[in-house]
Structure formats: C-alpha cells, structure tokens
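Numbers here simply count residues along the sequence, with the first being 1. Only this structure's heavy atoms are used, side chains among them; waters, hydrogens and symmetry mates stay out. When a ligand or atom number is given, it counts from 1 through the structure's own listing order.
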Amino acid sequence: MASSSTAPFMYLALTLLSSFLTLTAANFYQDFDITWGDGRGKMLNNGDLLSLSLDKASGSGFQSKNEFLFGKIDMQLKLVPGNSAGTATAYYLSSKGSAWDEIDFEFLGNLSGDPYILHTNVFSQGKGNREQQFYLWFDPTTDFHTYSILWNPQRIIFSVDGTPIREFKNSESIGVAFPKNQPMRLYSSLWNADDWATRGGLVKTDWSQAPFSASYRNFKADDCIWSSGASSCTSSSSTTTNSWFSQELDTTNQDRLKWVQKNYMIYNYCTDAKRFPQGLPPECNTS
Ligand SMILES: *[C@@H]1O[C@H](CO)[C@@H](O)[C@H](O)[C@H]1NC(C)=O
C-alpha cells in the first residue's frame, strides 16, 4: 500500500532530478567529443571547461556531437600564453566531402610579447582562398574572450567580444557559391604549425616550453540542428524577425567593423591584386 502511494512522488522526484541533470549537463560533455590527442584534450570542472594541449608528440582536438545548418555560435577561448610561436589553435565549422563548406577562425601564436594573428577564411564548395587576418586589440592569452560565428542564409559574420571583424555576404546573385546546403560540425584543435604559422614559418616552436595549452568555456549556440536529413532550429528563431536567422549589421556595428578593419586588419585577400592577376574575386567588389 505504502509503496503504491509513494510511487507518484518517486516518479516526480526522479523526473525533477533528471531534468536538473539535463540542465547541469548542458556543457562540454553533452555537446562535444574529444576526438584526438590521446588524453591531451580534457573536460574539467564537471564539463564547464575544456582544455587542449600540445607537446612534441601530438596536439589534440574536439568536435561537436551535433551538425548545424545555420547558427549563431559563441565560445570563449583563452589561448596559449607566453612563447606560443609555432602553435596554431583552430576553431571552425566544416562540412564533409570534396566540395565542403568551412568557416574558420585560426589563432597563430607568437613569441612572448609579440602579437597573435587571428586568421579567418570562408570555403564554399571546396573553394577557399578568402583569407583575412587581424591583430587583436587585447592580449588573448591572459583572459577568456568570446569568438562568435553568425551563419545565416544571407551572411556570415565573425565577431570578437561582440565586435564584428568580418562579414562574408551571400553573393550568389553574382555567381559566388555560399554555404547553405551542407550541415557543418564545430571543430577545434591545437597543433604544431611551425612550418608556416609564425612570421610565415621563420619562428619555430620552442619545445622546451611544452606542453602548450588552450582553454575553452561557455559554449552557446542558437542554431538549427541537423538530424536525419532535416533541421530543427532553437526557439522560433527562424521565423522571428531580428533574430540571428535574419540578423544583419546595423549602422553601429558597420562602424565597428570598419574600425577593426582600418586599425587591426593586416591581410585582406580582396586587396591582394598580385595574387589574383585575372581580377579580384567577384565578392570583393560588393562591399
Ligand atoms: C609575430 O610578431 C611579429 C613581429 O612583431 C609580427 O610580424 C607577426 O605578424 C606576429 N604574428 C605571427 C603569427 O607571426
């Protein structure tokens, strides 16, 4: 008798407990898998923090469990401090196959006191060659900073601490492929790129400083999750006006973008006429 009358309460308690667990598990354990590095990638603090490390034998990396078709993705990163020359921390979205799409952030380390380069690129249908590079207006190794990708059907916006640094617009109307049909996963890795990363490969990794490590926290995504051939978007975002799904840069943010591009951009494929003797890529003439 007693057990049958307590059963509903037990059920309620278990339901509450499991929803509590789901909430607290909304973290790296829930959203990511460490995919390589043989123990060099770790989820810490109950999954609130993730760290990658690199030594002479190997780097490490992780990837999202979900695939997305459009999304607004935020992550906080703290990069390899001190002498990080030769190291590269990649943080990007990518689809699969030979005609893949990709949206890249990549952080190229440097000697102590010399600036990191934030390298960005966009691939559509397997074609990239759209690099833009920046210095940052802060030291990215002393604190966590937020790096965001907004990807909707009209544009891709890269932001740093909420400040847009790059916009790649959908230019399909002038024949430029835009990533919009292939779901992408989020990937990150810390690896040795001393053949090209620092001053074009001149400065090599100093292995006496190893292991190198970078940390991640506060992953947030408003996204359309792709599952068995269909996508479902978080909240009613895809229909709400002004949501990330139709978001564009207002005039304030256009000004901030210009400020970054004027003061911190160190390379722009769109102004590299030597590299494109047949003429700059068509999307370069639209902004
Ligand atoms: C490293 O520092 C040098 C010297 O200031 C600079 O030219 C270079 O752009 C910096 N960043 C990288 C990743 O090489």
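More than 12 heavy atoms of other residues, nucleotides or ligands sit less than 6.0 Å from atom CG of Asn45.
In this model, no donor atom of one side chain and acceptor atom of the other lie less than 3.5 Å apart for Asn121 and Tyr92.
Sequence neighbours left out, the pairs with a member in residues 157-184 that pass ring-ring contact (aromatic ring centres under 6.0 Å, His included) are Phe105-Phe158.
By the ring-ring contact (aromatic ring centres under 6.0 Å, His included) test, Tyr216 pairs with Phe62, sequence neighbours left out.
Ion pairing of Asp33 with Lys65 is present here, as a side-chain N (NZ or NE/NH1/NH2) and a carboxylate O approach within less than 4.0 Å.
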Without placing hydrogens or testing angles, list every side-chain donor-acceptor pair under 3.5 Å for residues 143-153, not counting sequence neighbours.
from: His145; atom 1: ND1; to: Asp161; atom 2: OD2; distance (Å): 2.6
from: Thr146; atom 1: OG1; to: Gln76; atom 2: NE2; distance (Å): 3.3
from: Ser148; atom 1: OG; to: Asp74; atom 2: OD1; distance (Å): 2.9
from: Trp151; atom 1: NE1; to: Pro179; atom 2: O; distance (Å): 3.0
from: Asn152; atom 1: OD1; to: Gln154; atom 2: N; distance (Å): 3.0
from: Asn152; atom 1: OD1; to: Arg155; atom 2: N; distance (Å): 3.1
from: Asn152; atom 1: ND2; to: Trp244; atom 2: O; distance (Å): 2.8
from: Asn152; atom 1: ND2; to: Phe245; atom 2: O; distance (Å): 3.3
from: Asn152; atom 1: ND2; to: Gln247; atom 2: O; distance (Å): 3.2

Quick check on ligand 1: any N or O pairs to the protein under 3.5 Å? One line per pair.
from: ligand 1; atom 1: 2 (O); to: Asn110; atom 2: OD1; distance (Å): 3.4
from: ligand 1; atom 1: 2 (O); to: Asn110; atom 2: ND2; distance (Å): 2.5
from: ligand 1; atom 1: 9 (O); to: Tyr135; atom 2: OH; distance (Å): 2.7
from: ligand 1; atom 1: 11 (N); to: Asn110; atom 2: ND2; distance (Å): 2.6
from: ligand 1; atom 1: 11 (N); to: Pro115; atom 2: O; distance (Å): 2.9
from: ligand 1; atom 1: 14 (O); to: Arg199; atom 2: N; distance (Å): 2.7

